[in-house]
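First the structure, in the form of structure tokens, and then the observations on it.
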Number of protein chains: 2
Amino acid sequence: MEQEKLQHIQVKPNSFECSITTDIAVFGYVEDRFKILLTKRTVGDFKNHWFLPGGVMESNETLVDCAQKVLFALTGFKDIHFEQVRTYGDLERHPLKRVITVCFYALIKPENHPIALKENVESIEWFDMENIPENLGFDHARLINDAHMHMKDNLKDKLIVGELLPEKFTLAELQNLYENIFSIKLDRRNFRKRIFQMDILENTNEKKTGVKGGPFLYRYKENR
Amino acid sequence: MEQEKLQHIQVKPNSFECSITTDIAVFGYVEDRFKILLTKRTVGDFKNHWFLPGGVMESNETLVDCAQKVLFALTGFKDIHFEQVRTYGDLERHPLKRVITVCFYALIKPENHPIALKENVESIEWFDMENIPENLGFDHARLINDAHMHMKDNLKDKLIVGELLPEKFTLAELQNLYENIFSIKLDRRNFRKRIFQMDILENTNEKKTGVKGGPFLYRYKENR
DNA sequence: CGAAAGTATGTATTTTTGACACAATAGAAA
DNA sequence: TTTCTATTGTGTCAAAAATACATACTTTCG
């Protein structure tokens with residue numbers, strides 16, 4: 001009786017077959033453009049549809065562990081930082097069975113992470129964000145859209161740029177990133193003012209060589 | 001073989017016992033104060049700990065369906081609007097077994113929803129947000145905190161006030177709600193200006209009676 | 001070395017935000 | 001009814017923030 005009550009509240013096992021998966025929207029920043037990594041299925045019912053990289057979760061891993069594992073299995077990427085977007089649990093989102101997926105996003109520079117095709121992946125490609133294929137599987141069009149919005153929100157107020165910039169970077173590089181992410185043009189002098197007001201950068205007093213003007217290199221402050 | 005590939009990517013069933021639950025942070029607005037609904041367990045290992053209302057998901061329900069069902073089972077509340085906060089999947093968050101929970105929040109007026117204790121609930125109570133009990137179970141302190149932040153964010157830019165206001169309301173009522181949620185004092189005239197700039201309200205040209213000053217009643221515009 | 005490109009900094013201008021006063025309205029008290 | 005009081009509705013003005021813009025300095029490249 002006591003056990004029954006307890007169970008009711010939280011511990012009763014699920015009585016159905018259900019997969020929990022993670023899907024990852026990997027955004028790549030290359031040559032001032034944003035890309036997204038999609039995989040294509042060339043077999044089965046969803047032939048010729050593009051999907052976010054994703055896969056099922058196992059018992060001994062956290063959500064982030066799973067995302068890490070899945071992405072490594074499909075691409076060979078390691079040490080990626082993930083941010084959770086949201087969870088999707090509609091009944092008909094997967095036609096074969098019940099699949100609940102937790103969606104993450106990541107921000108990387110593709111040049112740091114060459115795709116090393118692993119396991120049985122048929123095809124995996126970077127797509128320009130302005131040129132995403134029409135034939136997306138399941139509800140992944142929505143997932144991509146939500147992840148993109150979430151990334152921009154995170155950047156605006158938390159300034160999470162992942163590994164898009166090297167440890168030491170110039171203000172021009174940071175501004176360029178901003179302009180690309182938000183598709184806007186900013187005044188150099190005003191941008192500088194705003195960033196310094198935020199008080200999150202420190203000047204390394206080193207100058208970047210090989211580039212005109214001799215700009216200072218900055219880094220993020222420790223305590224953020 | 002083809003099937004195997006397909007399965008690897010997304011369809012392989014989970015090979016472990018795992019509960020998927022939803023936990024709901026129900027925020028109540030009463031007498032200009034915010035409350036949160038917590039349940040107490042008086043039996044089992046987690047005796048005398050307070051928890052968010054929550055319960056396991058079944059095969060035929062979406063995440064929101066589940067939240068609806070769970071809240072109804074525990075309190076009798078119906079027709080509540082939910083917003084998803086985030087999903088928690090750490091390995092040790094539940095000591096007895098693996099439990100992944102999707103957290104939602106809701107905003108209601110307790111006076112509209114008297115608690116009708118159902119099933120085997122031992123104790124369920126409204127707590128002042130400034131006076132939340134110390135002995136919260138599992139990671140529910142974090143869940144409450146995250147849900148609270150998320151609610152405030154949603155209000156700031158999307159103005160999602162749930163059912164906290166009647167269909168037609170005065171600007172003073174709206175301002176009062178704002179001031180309480182964000183614990184700030186606002187200038188009446190400036191608040192009015194800001195809200196009208198948002199262009200989300202329309203004047204019903206009716207006046208509220210029984211209150212001094214004869215304020216106009218407003219409602220949200222259709223197309224939001 | 002000079003030209004070209006880019007950085008760093010200061011100042012003026014516009015826009016947004018915040019502070020503030022007073023007449024009109026409706027309920028409450030006389 | 002009349003008076004009193006609490007609350008609504010509206011406009012102006014100053015401060016602050018965002019934006020536009022000019023000029024001097026630094027480095028690369030031919």
Side-chain angles (χ1 to χ4, degrees), chain A residues 29 31-33 152-153 155-159 161 164-221, chain B residues 29 31-33 152-153 155-159 161 164-221:
Chain A
Y29 182 65
E31 284 162 20
D32 297 348
R33 298 188 86 76
K152 288 195 279 189
D153 280 351
L155 239 84
K156 216 178 298 179
D157 32 77
K158 294 176 201 157
L159 207 59
V161 295
L164 292 201
L165 293 174
E167 195 219 329
K168 302 170 184 179
F169 49 86
T170 69
L171 282 179
E173 289 167 338
L174 182 62
Q175 179 178 344
N176 203 257
L177 182 61
Y178 258 75
E179 291 182 334
N180 279 291
I181 289 173
F182 296 107
S183 301
I184 47 171
K185 256 308 192 199
L186 294 172
D187 182 273
R188 206 158 19 92
R189 295 151 283 194
N190 297 331
F191 179 75
R192 164 184 301 269
K193 248 183 284 180
R194 248 179 45 206
I195 294 293
F196 285 152
Q197 268 172 17
M198 286 190 194
D199 193 37
I200 50 182
L201 297 188
E202 64 182 7
N203 193 329
T204 65
N205 287 315
E206 301 169 47
K207 293 198 168 195
K208 179 156 186 172
T209 57
V211 59
K212 292 176 183 172
F216 280 111
L217 287 165
Y218 297 83
R219 73 159 72 85
Y220 286 107
K221 285 190 175 176
Chain B
Y29 182 65
E31 284 163 21
D32 298 349
R33 298 188 86 76
K152 289 195 279 189
D153 281 349
L155 238 84
K156 216 179 297 181
D157 31 79
K158 294 174 201 156
L159 208 57
V161 295
L164 293 201
L165 293 175
E167 195 219 331
K168 301 172 185 178
F169 49 87
T170 68
L171 283 178
E173 289 167 338
L174 182 61
Q175 178 176 346
N176 202 256
L177 184 60
Y178 258 75
E179 291 182 334
N180 279 293
I181 289 173
F182 296 107
S183 301
I184 47 172
K185 256 309 192 199
L186 293 172
D187 181 273
R188 200 159 34 89
R189 293 151 285 194
N190 296 332
F191 178 76
R192 166 182 299 269
K193 248 183 284 179
R194 248 180 47 207
I195 294 294
F196 285 151
Q197 268 173 16
M198 287 190 192
D199 194 38
I200 50 183
L201 296 187
E202 64 182 9
N203 193 331
T204 64
N205 287 316
E206 301 170 45
K207 293 198 168 194
K208 178 154 187 173
T209 57
V211 58
K212 292 177 182 175
F216 280 111
L217 287 164
Y218 296 83
R219 74 159 71 85
Y220 286 108
K221 285 190 175 176

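Per chain, numbering begins at 1; letters A, B, ... match sequence-line order.
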Separation of [X] atom [atom1] from [N] atom [atom2], in whole Å?
| X | N | atom1 | atom2 | answer |
| --- | --- | --- | --- | --- |
| A/Phe196 | D/dA18 | CZ | P | 16 Å |
| B/Arg192 | C/dG18 | CZ | P | 17 Å |
| A/Ile195 | C/dA8 | CD1 | P | 13 Å |
| A/Phe191 | C/dA8 | CZ | P | 12 Å |
| A/Glu173 | C/dG6 | CD | C1' | 13 Å |
| B/Met198 | C/dT16 | CE | P | 15 Å |

ask   = Which range-with-range stems can be found for DNA chain C when each stem has 3 or more Watson-Crick or G-U pairs in a row and both distances sit under 3.5 Å?
value = C:1-30 with D:1-30

CZ on B/Phe191 to CD1 on B/Ile184, rounded to 0.5 Å =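 If I round to the nearest 0.5 Å, the distance is 9.0 Å.
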
inquiry  = Can you tell me how far apart CE (B/Met198) and CZ (B/Arg194) are? Round to the nearest 0.5 Å.
reply    =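 Taking CE in B/Met198 and CZ in B/Arg194, the distance rounds to 5.5 Å.
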
ask   = In the 5'-to-3' direction, what one-character label does each nucleotide of nucleotides 19-30 of chain C receive under the scheme B = base within less than 4.0 Å of a protein heavy atom, S = sugar-phosphate only, - = no such atom?
value = BBB---BSS---

ask   = How would you list, by chain and number, every residue that makes a side-chain contact (heavy atoms from CB on, under 4.5 Å) with B/Glu206, sequence neighbours excluded?
value =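 For B/Glu206, the residues satisfying side-chain contact (heavy atoms from CB on, under 4.5 Å) (neighbours in sequence not counted) are B/Lys168, B/Thr204, B/Leu217.
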
query = In terms of the angle between their ring planes, are B/Phe182 and B/Tyr178 parallel, tilted or perpendicular, with boundaries placed at 30° and 60°?
reply = tilted

ask   = Should B/Asn190 and B/Leu186 be marked as a side-chain contact (heavy atoms from CB on, under 4.5 Å) after you check the CA-CA gap, both sets of side-chain angles, and the distance that decides it?
value = CA-CA 8 Å; B/Asn190 296 332; B/Leu186 293 172; over 6 Å; no

